[in-house]
Amino acid sequence: MPELLRTDICVIGAGSGGLSVAAAAAAFGVPVVLIEKGLMGGDCLNTGCVPSKSLIAAGKRARAVAQSRPFGVSANGADVAFGDVYRHVHNVIETIAPNDSRERFGGLGVRVIEGVARFKNKRTVAVGEQFEIRARRFVIATGSSPALPSIPGLAETPHLTNETVFDLTERPEHLVVIGAGPIGLELAQAFRRLGASVTVLEAAQPLAREDPECAAIVLDELTREGVTLRAGVEALRVEGSHSRIKVVVRAGEAEEAIDGSHLLVATGRRVNTDGLGLEQAGIAFDGHGIRVDKGLRTKNKRVYAIGDAAGGAQFTHAANYHAGLVIRSALFRLRVKVDDDLIPRVTFTDPELAHVGLTEAEARRRRIKVRVVRWPYHENDRAQAERETVGHIKVVTDRRGRILGATIVGAAAGELITTWTLAISQRLNIRAIAGIVVPYPTLAEVGKRAAITYFTPSLTSPWVRRIIAVLRRLG
Ligand SMILES: Cc1cc2nc3c(=O)[nH]c(=O)nc-3n(C[C@H](O)[C@H](O)[C@H](O)COP(=O)(O)OP(=O)(O)OC[C@H]3O[C@@H](n4cnc5c(N)ncnc54)[C@H](O)[C@@H]3O)c2cc1C
């Protein structure tokens with residue numbers, strides 16, 4: 001007989017979203033059961049953000065050494081010991097892991113259960129034969145997994161995904177990456193900087209979701225660093241064995257074979273719904289994820305879905321944002337509404353590409369009359385000092401100056417986007433950014449200078465000139 005646990009909140013999945021809900025609910029003294037079938041910390045800690053950003057950091061160091069001469073600093077090239085890079089990546093994971101551990105959550109008062117959760121009916125979740133959990137509210141935070149395309153030969157050919165690529169202890173000689181989205185390109189650049197040859201194959205447009213003029217700057221930079229980028233090529237079949245793989249692609253009318261030592265598949269994500277028993281719980285889902293309303297509730301009103309499982313923006317900060325909304329709704333019965341326009345996104349290439357709100361194209365599709373202002377990094381003194389002059393900011397406003405979206409491509413773009421996220425969430429006018437005092441010399445001045453250009457045309461307006469003339473006459 002399974003043990004029956006009654007609790008207030010039952011969370012399925014101990015990744016970014018699930019851990020945030022569990023920690024917050026426990027902090028309010030609410031009984032919580034948290035079920036995890038794999039590693040605590042989920043994708044972000046173990047196979048996503050943390051290892052990828054650690055690998056990128058290693059690549060950045062190697063690049064900095066190789067590029068130090070213009071600063072008057074000599075170094076005889078970067079000597080990369082890939083085994084040590086592996087140890088660095090896993091050391092970072094191990095250092096952060098205690099924050100997400102069973103022990104920590106147990107200490108917070110959360111009952112952590114190891115095992116696979118499955119709905120038995122609309123109000124009960126089972127974990128194997130051992131437990132049945134009845135809760136006032138359930139939160140599904142089961143995340144996503146790599147979506148593998150149906151390319152003939154892929155199943156039989158050794159290939160890497162984000163679940164295995166960080167276990168490499170030796171540098172690949174030639175990494176072939178299928179998929180030029182953020183994950184594929186971040187890893188492509190990192191491996192290139194660490195000394196691998198890298199070819200990226202993309203059937204459509206690389207970074208297709210991003211503002212094209214900003215994405216082009218990232219792609220140019222990757223190409224300059226030696227990443228071979230092949231857009232518009234379709235992978236037809238894959239073959240090979242250990243350390244010798246071949247991808248046959250269609251490029252225009254012709255077929256072409258691309259040889260490599262390793263294959264990385266980064267062609268998108270598939271929501272983890274298999275085996276969850278969603279039908280038994282009356283929860284609707286499709287290929288994009290679990291269907292939720294604006295308040296993140298599924299068709300079964302006892303059950304919320306958050307993070308990657310909810311099928312929207314698939315980021316750790318989106319999962320955390322969802323968790324905050326669910327806490328307000330489930331514990332305080334407040335009305336909540338997800339606003340996707342407030343979720344920023346960053347591609348951690350170098351230069352970084354960060355965006356929040358509407359792109360110019362999205363705003364125009366919504367038939368908004370827009371104004372666009374830009375400012376280049378090369379006009380920024382700090383960027384010159386750091387020799388980080390590639391990139392620009394692009395801000396989209398409505399006709400009255402309300403900020404609708406911002407894209408930054410350049411150094412520290414992921415840090416700089418937060419000002420614009422705040423601006424959009426507070427419905428600020430660009431006047432507010434033009435008027436703030438920004439420390440000199442910082443990259444943040446790029447944003448202020450872009451905002452000031454919004455007003456530049458009015459300096460040539462006859463009305464403004466007349467007002468200035470009158471004021472001067474008045475002394
Ligand atoms: C290579 C890579 C790099 C990334 N980089 C970034 C980045 O820089 N910034 C960023 O914001 N995002 C990044 N992401 C995305 C980020 O990792 C995810 O958006 C985030 O982890 C989603 O959190 P989650 O809670 O929805 O799911 P997860 O963190 O994946 O957690 C889901 C958990 O649920 C468990 N689970 C699943 N089914 C069951 C079940 N039936 N029973 C019990 N447990 C179950 C899983 O084992 C897992 O631990 C990256 C992703 C990848 C792959």
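Because the structure is predicted, anything quoted here is derived from the model rather than measured. In each ligand, atom 1 is the first atom listed, and ligand 1 is the first ligand listed.
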Which residue supplies the protein heavy atom nearest to [atom], what is that atom called, and how far is it?
atom: atom 26 (O) of ligand 1; answer: Asp308 N, 2.9 Å
atom: atom 9 (N) of ligand 1; answer: Cys49 SG, 3.9 Å
atom: atom 46 (C) of ligand 1; answer: Glu36 OE2, 3.4 Å
atom: atom 29 (O) of ligand 1; answer: Asp43 N, 3.2 Å
atom: atom 2 (C) of ligand 1; answer: Gly48 CA, 3.4 Å
atom: atom 10 (C) of ligand 1; answer: Thr316 N, 3.5 Å
atom: atom 37 (C) of ligand 1; answer: Thr142 O, 3.3 Å
atom: atom 15 (C) of ligand 1; answer: Gln314 O, 3.7 Å

Nearest heavy-atom pair of [X] and [Y]: which atoms, and what distance?
X: Leu160; Y: Thr164; result: CA-OG1, 3.4 Å
X: Ala313; Y: Ala318; result: O-CB, 3.6 Å
X: Met40; Y: Leu45; result: O-CD2, 3.8 Å

Exercise for the section: For ligand 1, indicate whether the residue Ser52 contacts it via side chain, backbone, both or neither (heavy-atom separation under 4.0 Å). Expected result: side chain

Completion exercise
The answer for which part of Ile12 has a heavy atom under 4.0 Å from ligand 1 is side chain

Problem - Heavy atoms from other residues, nucleotides or ligands near CZ of Arg136 exceed 12 (cutoff 6.0 Å) - result: yes

Could an N or O of ligand 1 be found under 3.5 Å from any N or O of [X], whether backbone or side chain?
X: Ala309; value: no
X: Gly307; value: no
X: His317; value: yes
X: Lys53; value: yes
X: Phe315; value: yes

Pair [X]-[Y], side-chain donor/acceptor within less than 3.5 Å:
X: His262; Y: Glu173; result: no
X: Thr298; Y: Tyr304; result: no
X: Arg134; Y: Thr124; result: yes
X: Asn272; Y: Thr142; result: no

So is [X] in contact with ligand 1, going by heavy-atom distances below 4.0 Å?
X: Gly115; answer: yes
X: Arg118; answer: no
X: Leu39; answer: yes

Per-atom contacts, ligand 1 versus [X] - under 4.0 Å to a heavy atom:
X: Ile35; answer: 43 (C), 44 (N)
X: Gly17; answer: 25 (O)
X: Gly42; answer: 29 (O), 31 (O), 48 (C), 49 (O)
X: Ala117; answer: 40 (C), 41 (N), 42 (N), 43 (C)
X: Phe348; answer: 8 (O)
X: Arg269; answer: 53 (C)
X: Leu276; answer: 41 (N)

Exercise for the section: Just grab all the side chain to side chain donor-acceptor pair (under 3.5 Å) pairs involving residues 87-100, residues at least two apart or on different chains. Expected result: Asp84-Arg87

Fill in the blank from the handout: Restricting to heavy atoms, the pick from Val346, Val116, Asn162 nearest atom 53 (C) of ligand 1 would be Asn162

Practice task
Evaluate the side-chain proximity of His392 to Glu213: yes if any heavy-atom separation is below 4.5 Å, no if none is.
Solution key: yes

Problem - Close side-chain approach of Asn46 and Phe166, heavy atoms under 4.5 Å - result: no

Exercise for the section: Hey, can you tell me if Phe28 and Phe332 have their rings parallel, tilted or perpendicular (30° and 60° cut-offs)? Expected result: perpendicular

Handout entry: Glu360 and Lys394 ion-paired at < 4.0 Å
Key = yes

Handout entry: Carboxylate-amine/guanidinium proximity below 4.0 Å for Lys301 and Asp293
Key = yes

Got a list of side-chain donor-acceptor pairs under 3.5 Å for residues 403-421, not counting sequence neighbours?
unit_1	atom_1	unit_2	atom_2	d
Thr407	OG1	His355	ND1	2.8
Thr421	OG1	Ile417	O	3.0

